[in-house]
Amino acid sequence: KIVEIWGPAGISITDDRHKGFRNTFEPRLEENAGVEIVDGTCNWDPVTAFKVSSDLISRYGDKIIGVYTHDDPSATEGVVRALDLAGMQFPVGDPKHIPIVTYDGTKTGVQAVRDQTIDVITEQPSLGYATLVMHYLYEWHKNGYDSLPKPGTTLGTDELAALFPDETGVRSWSPVEVREGDGWEGIWLAPKSPLIPTEVDPYAQNQWGNYMYFLDKGSFPEK
């Protein structure tokens, strides 16, 4: 069994995180008979995530071979705690480890990667969002709407790196696709969502979860 822990049903971000996972993974299921995905919904609430994870563990036990959650807290406060209580939590690299993949890149999520309890996080590139929005809002104000990038184009890594400093993590969240607004008039800037730790160092100071760590602790995490 591969477990998928959902966020709130019926909202676009949950649907997107579900569809992206299923579209990628379902062809693998066809190649591996006997493997199936089982679902749980936690509404992004860590307490509910723990209860749902515990229920799935009691139901499927050692048949669970991997977990995907739609957000970091569902993994760190839900899945990991439930596995630990069941005696099934082992660090990344241990033969008994159950791979856990999640989404966001929060302070606690990146800490879990450093602690080797979570394998991979698809980062929601918040610094990229903020950088792009403020830059192009100013561009719009200064030079008009027609000065903005056109839907169907791509803003390349080198192009963006010339505009923004390394502190924004620009090389990790670029290139950026420019799309039509989804239900509104305007453009939608869609940066790449990099992987932690394979594409973003879990200690990187330009990773937004680590910046939140800095605001809380007064220093960045050290290796």
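Sequential numbering from 1 along the given sequence is applied to the chain's residues.
Between Arg171 and Asp158 there is a salt bridge, since a side-chain N of the basic residue sits under 4.0 Å from a carboxylate O of the acidic one. Note on Asp55 versus Lys51: no salt bridge recorded, every NZ/NE/NH1/NH2 to OD/OE distance being 4.0 Å or above. By the 4.0 Å N-to-carboxylate-O rule, Asp201 lies close enough to Lys223 to be salt-bridged with it.
Side-chain contact of Asp39 with His18: a donor-acceptor pair under 3.5 Å is absent, judged by distance alone. A donor and an acceptor atom, one from each side chain of Ser74 and Asp71, are located under 3.5 Å apart. A donor and an acceptor atom, one from each side chain of Asp72 and Thr102, are located under 3.5 Å apart.
When side chains are defined from C-beta on, Glu123 counts as touching Val200, because their heavy atoms get closer than 4.5 Å. The shortest distance between side-chain heavy atoms of Val3 and Tyr60 does not fall below 4.5 Å.
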Which atom pairs, donor and acceptor, lie under 3.5 Å between side-chain atoms of residues 181-198 and protein residues at least two apart or in another chain?
unit_1, atom_1, unit_2, atom_2, d
Lys192, NZ, Glu199, OE2, 3.1
Ser193, OG, Tyr103, OH, 3.2

> Do Gln89 and Thr117 pass the side-chain contact (heavy atoms from CB on, under 4.5 Å) test, and can you show the C-alpha distance, the side-chain angles, and the key distance before you say yes or no?
Replying inline: CA-CA 8 Å; Gln89 174 60 34; Thr117 56; 3.8 Å; yes
> Can you list the steps and then say if Ile5 with Leu56 is a side-chain contact (heavy atoms from CB on, under 4.5 Å)?
Replying inline: CA-CA 10 Å; Ile5 304 293; Leu56 290 168; 3.9 Å; yes
> Between Phe25 and Tyr68, is a side-chain contact (heavy atoms from CB on, under 4.5 Å) present by the stated rule, with each step listed?
Replying inline: CA-CA 11 Å; Phe25 211 88; Tyr68 165 62; over 6 Å; no
> Can Leu132 and Val176 be said to form a side-chain contact (heavy atoms from CB on, under 4.5 Å), step by step?
Replying inline: CA-CA 9 Å; Leu132 291 165; Val176 173; 3.9 Å; yes
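The line from OG1 of Thr154 to CZ of Arg179 is 9.5 Å long, rounded to the nearest 0.5 Å. From Phe21, atom CZ reaches atom CD of Glu26 across 8.5 Å, with rounding to the nearest 0.5 Å. The line from OG of Ser53 to CD1 of Ile100 is 8.5 Å long, rounded to the nearest 0.5 Å. Atom CD of Gln116 is separated from atom CD1 of Ile118 by 12.0 Å, given to the nearest 0.5 angstrom. One distance of note links CD1 of Ile64 with CE of Met88; it measures 5.0 Å at 0.5 Å rounding.
Residue Thr69 comes nearest to Ala75 through the heavy atom pair OG1-CB, 3.6 Å, listed as atom of the first residue, atom of the second, then distance. Minimum heavy-atom separation, Asn210 to Ala204: ND2-O, 2.9 Å. Residues Leu29 and Val35 share a closest heavy-atom pair of CD2-O, 3.6 Å.
Between His135 and Phe164, the angle of the ring planes goes over 60°, which puts this pair in the perpendicular group of the 30/60° scheme. Using cut-offs of 30° and 60° for the angle between ring planes, the His70 and Trp6 rings count as tilted.
Taking the centre and axis of the six-membered ring of Tyr213, the NZ or CZ atom of Arg114 falls inside the cone set by 45° and 6.0 Å.
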